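What follows is a short report on a single structure.
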Amino acid sequence: MSTDAHHDKATASLAGAILEQTGVPVDKCYQCGKCSAGCPLAADMDYPPSLILRMLQAGGPELEEKVLRSYTIWVCLTCETCYSRCPMEIDIPVMMDYLRHESLRLGMTSPRAKDIIRFHRSFLDSIKYTGRLYEVGLVVDYKARSMHLLQDVKLAPKMYFKGKLNLIPETIKGLPLIRRIFSRSSKAGGEDAR
Amino acid sequence: MPEFEPRIVAFVCNWCTYAGADLTGTSRIKYSPNVEVIRFPCTGRIDFMLLLKAFAEGADGIIISGCHPNDCHYTSGNFHARRRWILFRGLLDFMGIDVERVQFSWVSAAEGAKWADVVNTTVEAVRKLGPYENFRKIDRAGAV
Amino acid sequence: MKLGFYPGCSLEGSSREYNESVMAVAAGAGIELEPVPDWNCCGATAAHNMNRELGLSLPARILAKAEAAGMKEIVVPCAACYSRLKVTRHELLEDEELRRRISAIIEYDLRCEPEIINVLQFLDSRVMPAIEGRIKSPFDRRVACYYGCLLVRPHKILKFDRLEDPRSMDEIIRRIGGDPIDWAFKTECCGAGLSVSKTELVGRLSGRILEDARIRGAEAVIVACPMCHSNLDLRRGAIEKAMNRKYDMPAIFITQAVGLAMGIDPAKLGLNRHMVPVKFRERPAGKVPAGPESPAAAGEV
Amino acid sequence: MSRIGVFICHCGENIGATVDCEKVAAAAAKIPGVVHSVDYKYMCSDPGQNMIKEAIREKNLTGVVVGACSPRMHEPTFRRACEEAGLNPFLCEMANIREHCSWVHEKGDPTTEKAIDLVRVIVEKVRRNKPLVPIKVPVTKTALVLGGGIAGIQAALDIANAGHKVIMVERSPSIGGHMSQLSETFPTLDCSQCILTPRMVEVARHANITLHTYSEIESIEGFIGNFKVKIRKKARSIDMKACTGCGLCSQKCPTRKIPSEFDAGLGTRPAIYVPFPQAVPNKPVIDRLNCTYYLKGKCRLCEKVCPTQAIRFDQEDEIVEADIGAVVLATGFEIKHGDFFPEYGFGKFKDVIDGMQFERLASASGPTLGEIRRPSDGKKPETVVFIACAGSRDPAKGIEYCSKICCMYTAKHAMLYRHKVHGGNAYIFYMDIRAGGKMYEEFVRRAIEEDGVKYVRGRVSRVYEREGKLIVQGADTLLGAQPVEIEADMVVLATAAVANDGAEELAQKMHVSYDAHKFFAEAHPKLKPVETNTAGIFLAGACQAPKDIPESVAQASGAASKVGALFSQDELTREPVIAVVNRSAPPLYSTCVGCFLCQAACPYQAIEREEIRTRDGKLIKTVAKVNPGLCQGCGTCVAVCRTKAIDLQGFSNEQVFAEVMALLDRSEPDAGI
Ligand SMILES: Cc1cc2nc3c(=O)[nH]c(=O)nc-3n(C[C@H](O)[C@H](O)[C@H](O)COP(=O)(O)OP(=O)(O)OC[C@H]3O[C@@H](n4cnc5c(N)ncnc54)[C@H](O)[C@@H]3O)c2cc1C
Ligand SMILES: Cc1cc2nc3c(=O)[nH]c(=O)nc-3n(C[C@H](O)[C@H](O)[C@H](O)COP(=O)(O)OP(=O)(O)OC[C@H]3O[C@@H](n4cnc5c(N)ncnc54)[C@H](O)[C@@H]3O)c2cc1C
Ligand code: SF4
Ligand code: SF4
Ligand code: SF4
Ligand code: SF4
Ligand code: SF4
Ligand code: SF4
Ligand code: SF4
Ligand code: SF4
C-alpha cells in the first residue's frame with residue numbers, strides 16, 4: 001500500500017515538509033469537511049480541500065504525487081473561506097501556496113491548470129518588464145501563450161472606449177531593482193519566475 | 001579493587017511510588033540493592049534541604065519520585081515539588097553540585113517494573129560518576 | 001490632512017473610475033492622498049501562487065518605498081492589494097528571520113512601519129467625519145454591499161470588521177442615506193484572479209452573488225475592490241451565460257456612491273466607464289429625494 | 001531515654017530466605033535506645049502480635065518497630081496491637097524489609113545490610129515519634145444541595161431519605177432544571193416531565209427538605225462537617241404563605257410579551273409568572289426588571305385582583321443563615337447560543353434554533369403544544385437539518401471538548417421530528433456519532449434504520465437564507481468531501497454544553513477548583529469523581545462536565561452516599577497526619593514570620609491567618625494557623641516554610657532528617673551514646 005512508506009520517515013513526507021516550511025500542521029485536520037463544504041471551488045476541484053489534507057495525512061509517494069499533480073491546488077483562489085471557518089485553524093491557503101510551489105518545482109503541474117499557470121506567468125512577466133501590471137500586454141501575452149486568441153475580443157474595444165485600457169505601458173524607475181528581486185526570488189523560491 | 005557501590009537515597013511519595021515499589025516486590029522484579037527508600041506523604045513535602053543533608057551524609061545519588069502530573073493524591077503537591085526543584089536545581093548548580101546525581105521521576109502505583117528500571121539506571125549513572133566526595137568536602141569546609 | 005496612497009495597477013488601468021472616485025471623494029473631504037513614490041505592482045495572486053519570496057518581496061518593496069518616504073499610513077483602495085500588503089507586513093513582523101531575508105532581496109531594511117488602511121476604514125474614519133452634514137443628495141437606494149473575500153479574511157491577520165456578515169460598508173451606505181439590504185453573499189468569492197483564465201468559473205461564482213442581490217431587490221451592488229468590480233461588471237456576459245438570465249443591476253464602487261451623495265459630478269466619479277450602465281429604476285412617486293443632483297440624474301452616461 | 005522494641009519478621013520464607021533475620025535483630029539490638037529485639041516466623045499472626053503486646057507491657061516500651069512487609073499492608077494491624085497493649089498507636093512504625101528488600105534482591109550480605117539500614121532508619125524515626133491522637137471533628141448533619149435540577153433533586157431525596165436534613169437552594173423560581181424543559185428523553189423516549197415532576201413534588205413535601213427557590217448562596221465559611229452558609233432569598237414580591245397559587249395575577253398582568261425562559265425564548269410570559277404549570281413551588285414571582293410598576297411606578301393590577309392580598313411590592317431580599325455539614329454542588333450547565341455561530345446565522349434567522357428550543361417545540365407543554373412548527377411563520381417544516389457538534393470540538397471557537405449529550409439528543413430530535421411530521425426530511429450533519437451507553441447505539445440505529453433519518457458525515461460550513469429557505473452548505477466526507485447543499489425549512493444546532501454562568505464565581509466562593517472551561521473539578525478523575533478537593537463538598541450532575549440524565553442521577557446518588565457516610569458518625573475521625581504551626585513563649589509566640597507562603601502552597605485552603613493579640617487587644621503579630629479539619633497532610637506547606645515554623649505530624653522535620661542521617665550512617669553504634 002502506498003501509505004506505508006512514510007510512516008517511519010515522517011520528516012521526509014510532504015506533510016512533514018509543509019509543517020517545516022509553512023508551520024501548517026496537516027495532522028491536526030480531523031476530516032470534518034467544513035473546508036470542503038464552504039469552498040466556492042470545491043465542485044470544480046479534483047479533490048476538495050479536506051481530501052487533499054487526508055491524502056497528505058495518509059502520505060506515501062503515490063498520494064503525494066496525486067496532490068502535487070492535482071488541479072485543486074491551482075484552482076484554489078486563496079479566498080480564505082476554509083481557513084476562516086476551520087475548527088482546527090488549519091491555514092489551507094498557505095498550504096496551497098506551498099503545494100503550488102512544489103508542484104512547479106517538481107514539474108508536476110496538472111495539465112488542466114495550464115491556462116491558470118500561463119496566466120500567472122504572463123502576469124509576472126508583465127511586472128518584470130515594467131514594474132507594474134501592463135494589462136494590455138498581459139492579455140496579449142496570455143493569449144499568445146494559451147492560444148485562446150479569440151477570448152475577450154469583443155470586450156477589449158469596449159474597454160478601450162470606456163477609457164479602461166492603457167495602450168502604453170508605464171515603466172517605473174526602480175525597474176532594475178524589480179529585476180533583481182525577480183532573479184533573487186527565483187533562486188530562493190519555488191518557481192523559476194524568470 | 002571492587003567496583004564502586006554507590007549509595008542512593010530515594011525520597012518517594014506514599015501513594016504512587018511507594019506503592020509502585022511495593023508492586024516491584026510483589027512482582028519479584030529484582031533490582032540493585034543500592035537504593036533505600038524514605039517515605040513521604042507527598043513529593044510536595046520534600047524539603048530540598050534534605051537533599052543537601054543526604055549528600056552531606058554520604059549519599060552518592062538521590063531519586064525523587066512521586067505521582068504522575070495530574071495524578072497527585074493531593075491534587076497539586078507534585079507540581080509544587082517540580083516547581084521548587086527547578087529553582088533548587090539552579091541553586092545546586094550554582095553550588096557546584098552535580099545535578100545529574102538527582103533523578104526526578106514519576107512512578108505510579110502500577111509501575112512496578114518502571115521502579116526497578118529507575119533504580120537500575122540511576123545506580124548505573126551514579127556508578128559512572130563515581131563516589132561523591134565533593135560535597136562532603138564543601139560541607140566540611142563549612143560552606144553549607 | 002495628508003495620507004499615503006497606494007493605487008495599485010488596476011486603478012491605473014481597467015478600474016480607472018475607482019481611482020477617479022477615490023480622488024474626488026478625498027478632495028471633497030479635504031484630504032490629500034500622496035502616492036507611494038515609484039510604486040510597483042503588489043504581485044497580486046500570481047506572485048504568491050508561483051513563488052513565495054516574490055509574493056512577499058513585491059509588497060515589501062512597496063512598504064519600503066512608503067517607509068522611506070516617511071509615510072505612517074497608506075490608503076489602499078484595492079482589496080487584493082490591501083490583503084497582500086497586510087499579510088506581508090504581518091508575516092514579516094512575525095518572523096524576524098524572514099524579515100531579514102526579504103530585506104536583503106529588496107535591498108532595504110524594512111521595519112514595516114506604515115499601517116495599511118483599506119477603503120472602508122479610510123471612508124469611515126477620515127471621509128465621513130469630514131462630510132457629515134454635507135450630504136447633498138442622499139444616496140437613497142436599496143443596495144447590496146459586497147465585501148468580497150480579501151477585505152475581511154483572514155480575520156486572524158486583518159482583524160477588520162466581523163468575519164461573517166461584516167457591517168462597515170453597510171454603515172457607510174446608511175450614513176449617506178442608502179438602504180443596505182441584508183443578504184447572504186457579502187463575503188462569498190467572486191472568482192477573483194480566474195477572471196481571464198477560467199472565465200466560466202467566474203461567471204458562475206459572480207452569478208450567484210448577483211442572483212442573491214437580485215432576489216432581495218437590490219438596485220445595485222456596491223463593491224470595494226477592482227477585481228470584484230471587473231468580475232461583476234466586465235464579466236457580465238459570462239455571468240448571464242452561467243445563470244441563463246439577464247442582469248441589469250450595476251456594480252458601483254463604494255467611493256462612487258459616497259461621491260454621488262456628496263454631490264460630485266457623476267462623470268468625475270467615472271460612472272460612465274462601467275460596462276453595465278449605471279441606471280437606476282424610476283422611483284415610485286413620493287420617494288424621490290429632494291436633492292437636485294439626484295443620482296437618478298446620472299442616468300446612463 | 002527511648003525504650004524501643006524491634007520485631008523482625010521472617011514472613012515464612014518470604015523474608016527469611018533472603019535476609020538473615022537473626023542478624024538483623026542482633027544488629028538492631030545494638031542501636032542505642034533499643035531495649036528489645038527479636039525475630040519471629042510470622043509477626044502478623046496472633047502469637048506474633050502477642051509477642052509485641054507482652055514486650056510493651058513487660059519492657060515498658062516507648063516505641064515499636066516491626067521489620068516486615070509494607071506498612072501499606074499491616075501498619076493498621078500492628079498499630080492496633082500496640083494500642084491494645086496501652087501504647088499510643090502512632091509510636092509504632094514498620095520497616096519494609098519484604099517488598100523493598102527481600103523480594104527484590106538476591107540473598108546475600110548486601111541485602112541483609114540493607115535490611116539493617118531500613119530498620120535503623122525507622123528506629124530513628126520512631127525515637128522521635130510523638131503520641132498522637134486521632135482528630136475528631138463534630139459533624140452537623142444537614143446537607144446543602146445547591147441547584148435543583150435532576151441531579152440536585154436526586155441527591156436531596158437520597159440524603160433526606162437516609163434521614164438527614166437537607167437545605168436545597170435553587171437560583172430560579174422553580175426547581176426542575178433543564179430536565180423540566182425536555183420533551184421526551186433518550187434512549188427510551190419517556191416523557192421528561194412525567195418522570196421528573198413527581199420527584200419535584202416529593203422534594204417540596206419531604207419533611208427533611210427545606211427548599212429555598214429564587215435564592216442564591218451569599219457566602220460560605222468553615223470546613224467539612226462544620227460549614228456556615230448565608231443564603232440570599234431574593235425578593236419574590238409575593239407572600240408565599242398567603243398566596244394560593246390561583247394564577248389570577250398572571251392572567252391579568254398586562255405586561256405579557258416577555259420571552260419565556262422556560263420556553264427558551266419561543267413563548268412569552270407575563271411579568272408576574274409561574275415559570276411552567278408544574279413548577280415547584282407553584283407560586284408566582286414578579287420579574288422586577290420587566291414589571292410596569294417597578295419600571296414606571298404604575299399598574300399594581302395584580303395586587304388588585306389577588307384574592308388573598310399576597311402581592312408584596314415592598315418585599316426585600318432576605319438573608320437566611322444555616323449550619324451545614326456537607327455540600328452537594330449540582331448547579332448544572334448551559335448551552336451556547338447568541339452570536340457564537342455567525343456562520344450558521346443563529347440569532348439572525350428565526351428558523352435556526354438550538355436544541356433546547358427544539359425540545360420546547362416538541363414538548364406537549366410547549367408553545368406549539370408539541371407540534372413541530374417553525375418559529376418564523378408557524379409552518380410545519382418539510383425539511384429539517386440538524387447540525388451536530390455546533391461549537392463543540394472546535395478549538396477555533398475555544399471549546400475543544402465533546403459535549404457528550406448532543407449526539408444522542410440530536411438523534412432523538414430527528415426521530416421525534418420524523419414521528420411528528422410525516423413525510424418530513426431529517427438530515428443530521430455530524431462528525432462522529434458518539435453513542436456509548438446502554439441502548440444508545442441501538443437508539444441511533446433506530447433513528448437511521450426505522451425512522452429514516454439521513455446522516456451526512458461532514459461539518460456544515462454555512463447556513464444562509466434564500467427566499468424563505470435556509471440553505472445549508474455542507475459536505476459529505478464519505479463521498480470524497482463532495483459539497484452538499486440542502487434547502488431546509490428549519491435548522492437545529494446541537495450547540496455546545498458549557499458551564500453555567502456564574503460557575504467560576506461560585507467555585508471561588510466554595511473553594512472548589514474548576515477546569516479551563518469552568519466546569520467544577522473532581523478530586524480524582526477516576527477514583528474520586530464525586531468529591532472535590534475540598535473535603536465535605538461533593539459534585540453531582542452536569543456542573544462537573546456535560547452529562548445526560550442517567551449519569552447525572554448516578555453521580556447524584558454517589559454524592560448522596562458520600563454525604564450519608566459522612567453523616568453516619570457524630571464525629572469525624574481522621575489520622576492526625578496534619579500540619580501544625582509551632583507556638584512558643586512570648587515575646588516570640590511562634591517562629592512563624594507571617595509570610596504565608598504556606599497558605600499559597602496549600603492545595604486545600606487549610607491555612608488560615610491568626611492574629612496574636614495582647615490582653616487588651618493590641619495586635620502583636622499575624623501567624624499561620626492550620627485548620628485540622630481541612631488539612632490533608634500533604635506537607636507541601638512544610639517544604640515551603642523558610643523558618644520551619646510549620647511542621648507535619650508524623651513526618652516532622654526532625655523525623656525525616658533523622659531518617660536521612662540514620663540511613664547513611666553505617667558506623668558501628670558507639671555504645672557510649
Ligand atoms: C437539548 C437538550 C436535550 C437533552 N435531552 C436529554 C435526554 O433526552 N436524555 C438525557 O438523559 N439527557 C438529556 N439532556 C441532558 C440533561 O438536560 C442533563 O443531563 C440534565 O439536565 C443535567 O441535570 P443537572 O441537574 O446536572 O443540571 P441542570 O438541569 O442544569 O440543573 C441545574 C440547576 O441548578 C440551578 N442553578 C444554577 N446555578 C445555581 C446557583 N449558583 N445557585 C443555585 N442554583 C443554581 C439551575 O437553575 C438549575 O435549576 C439534554 C440536554 C439538552 C441541552
Ligand atoms: C482493554 C480495556 C481497557 C480499559 N482501559 C480503561 C482505561 O484506560 N480507563 C478507564 O477508565 N477504564 C478502562 N477500562 C474499563 C475498566 O476496566 C472498567 O470500567 C472497570 O474495570 C469496571 O469495574 P467493575 O468493578 O465494574 O468490573 P470488573 O473490573 O469486571 O470487576 C468485577 C469483579 O466481580 C467478580 N465477579 C464476577 N462475577 C462474580 C460473581 N458471580 N460472584 C462474585 N464475584 C464475581 C469478578 O471476578 C471481578 O473481580 C478498560 C477496559 C478494557 C476491557
Ligand atoms: S475544516 Fe479544517 S479540520 Fe475540517 S477538514 Fe478542513 S482542514 Fe480539516
Ligand atoms: S482558499 Fe482555496 S481551498 Fe480554501 S476555500 Fe478558498 S478556494 Fe477553497
Ligand atoms: S393572585 Fe394572589 S394568590 Fe393567586 S397566584 Fe397570584 S399572588 Fe398567588
Ligand atoms: S404590577 Fe407588574 S406584575 Fe403586577 S400586573 Fe402590573 S405589570 Fe404585572
Ligand atoms: S456528543 Fe456528538 S454532537 Fe455532541 S459534541 Fe460530542 S460528537 Fe459532537
Ligand atoms: S464499541 Fe468501543 S470502539 Fe466502538 S464506538 Fe463504541 S466505544 Fe468506540
Ligand atoms: S508557617 Fe512558615 S510559611 Fe507559613 S506563614 Fe509562617 S513562616 Fe510563612
Ligand atoms: S499539610 Fe498540606 S493540606 Fe495540610 S496545611 Fe500543609 S499544605 Fe495544607
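From a predicted model like this one, the values you see are computed outputs, not experimental measurements. Reminder, nothing fancy here: chain letters follow the sequence lines and each chain counts from 1. FYI, side chains are in, hydrogens and waters are out, and symmetry mates aren't considered; it's all heavy atoms of this structure.
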### Message
Quick one, C/Leu58 and A/Ile178 - any side-chain contact, counting heavy atoms below 4.5 Å?
### Response
yes
### Message
For chain C, which candidate among A/Thr78, A/Asp97, A/Leu99 shows the most heavy-atom pairs at distances under 4.5 Å?
### Response
A/Asp97
### Toward chain C, the part of A/Arg132 with a non-hydrogen atom under 4.5 Å
both
### Under 4.5 Å from any heavy atom of chain A - which part of C/Leu205
side chain
### Query
What distance separates C/Leu150 CG from A/Cys79 SG, expressed to the nearest 0.5 Å?
8.5 Å
### Distance-minimising heavy-atom pair for A/Leu77 and C/Cys189
CD1-SG, 3.6 Å
### Task
Decide side-chain contact (heavy atoms from CB on, under 4.5 Å) for A/Tyr134 and C/Cys9; before the verdict, give the C-alpha distance in whole Å, the side-chain angles of both, and the deciding distance to 0.1 Å.
CA-CA 8 Å; A/Tyr134 171 41; C/Cys9 305; over 6 Å; no
### Message
Closer than 4.0 angstrom, basic N to acidic O: yes or no for A/Glu80 and C/Lys156?
### Response
no
### Side-chain heavy atoms of A/Arg100 within contact of C/Met50, under 4.5 Å
no
#### Entry: Contact class of C/Ala104 relative to chain A, heavy atoms under 4.5 angstrom
backbone
### Task
Tell me, for C/His155 versus chain A, whether the close heavy atoms (under 4.5 Å) come from the side chain, the backbone, both or neither.
neither
### Message
Does any backbone or side-chain atom of A/Leu138 lie under 4.5 Å from a heavy atom of chain C? Answer side chain, backbone, both or neither.
### Response
neither
#### Entry: Structural part of C/Thr199 lying under 4.5 Å from a heavy atom of chain A
side chain
### Query
Can you say whether A/Ile116 sits under 4.5 Å from chain C via the side chain, the backbone, both, or neither, judging by heavy atoms?
both
#### Entry: C/Leu201, part contacting chain A, at a heavy-atom distance under 4.5 Å
side chain
### Query
Given a strict heavy-atom distance threshold of 4.5 Å, which part of A/Tyr83 is in contact with chain C: side chain, backbone, both, or neither?
both
#### Entry: Audit row: A/Ile172, C/Arg61, side-chain contact (heavy atoms from CB on, under 4.5 Å) steps and yes/no
CA-CA 13 Å; A/Ile172 69 167; C/Arg61 178 179 177 271; 3.7 Å; yes
### A/Arg118, part contacting chain C, at a heavy-atom distance under 4.5 Å
neither
### Query
Which answer fits C/Glu17, side chain, backbone, both or neither, if we ask what part of it has an atom under 4.5 Å from a heavy atom of chain A?
side chain
### Task
Over all heavy atoms of both residues, which pair between C/Ile105 and A/Leu177 is shortest? Give the atoms and the distance, please.
O-CD1, 4.2 Å
### Message
How close do A/Pro40 and C/Arg208 get, counting heavy atoms only, and between which atoms?
### Response
CB-NH2, 4.4 Å
### Query
Given C/Cys41 and A/Phe123, is the side-chain contact (heavy atoms from CB on, under 4.5 Å) satisfied, shown in steps?
CA-CA 10 Å; C/Cys41 173; A/Phe123 194 105; 4.0 Å; yes
### Backbone N/O of C/His48 and side chain of A/His101: donor-acceptor pair under 3.5 Å
yes
### Query
So which part of A/Ile127 gets closer than 4.5 Å to some heavy atom of chain C, the side chain, the backbone, both or neither?
side chain
### Summary
If one checks every heavy atom of A/Thr81 against chain C at 4.5 Å, the contacting part turns out to be both
### Task
Could you check A/Arg184 against C/Glu53 for side-chain contact (heavy atoms from CB on, under 4.5 Å), going step by step and ending with a plain yes or no?
CA-CA 8 Å; A/Arg184 284 174 192 144; C/Glu53 311 256 327; over 6 Å; no
### Message
Between A/Ser185 and C/Ser57, is there a side-chain heavy-atom distance shorter than 4.5 Å?
### Response
yes
#### Entry: Which atoms of C/Arg235 approach chain A - backbone, side chain, both or neither, heavy atom under 4.5 Å
side chain
### Message
Heavy-atom pairs under 4.5 Å with chain C: which of A/Thr130, A/Leu41, A/Asp44 has the most?
### Response
A/Asp44
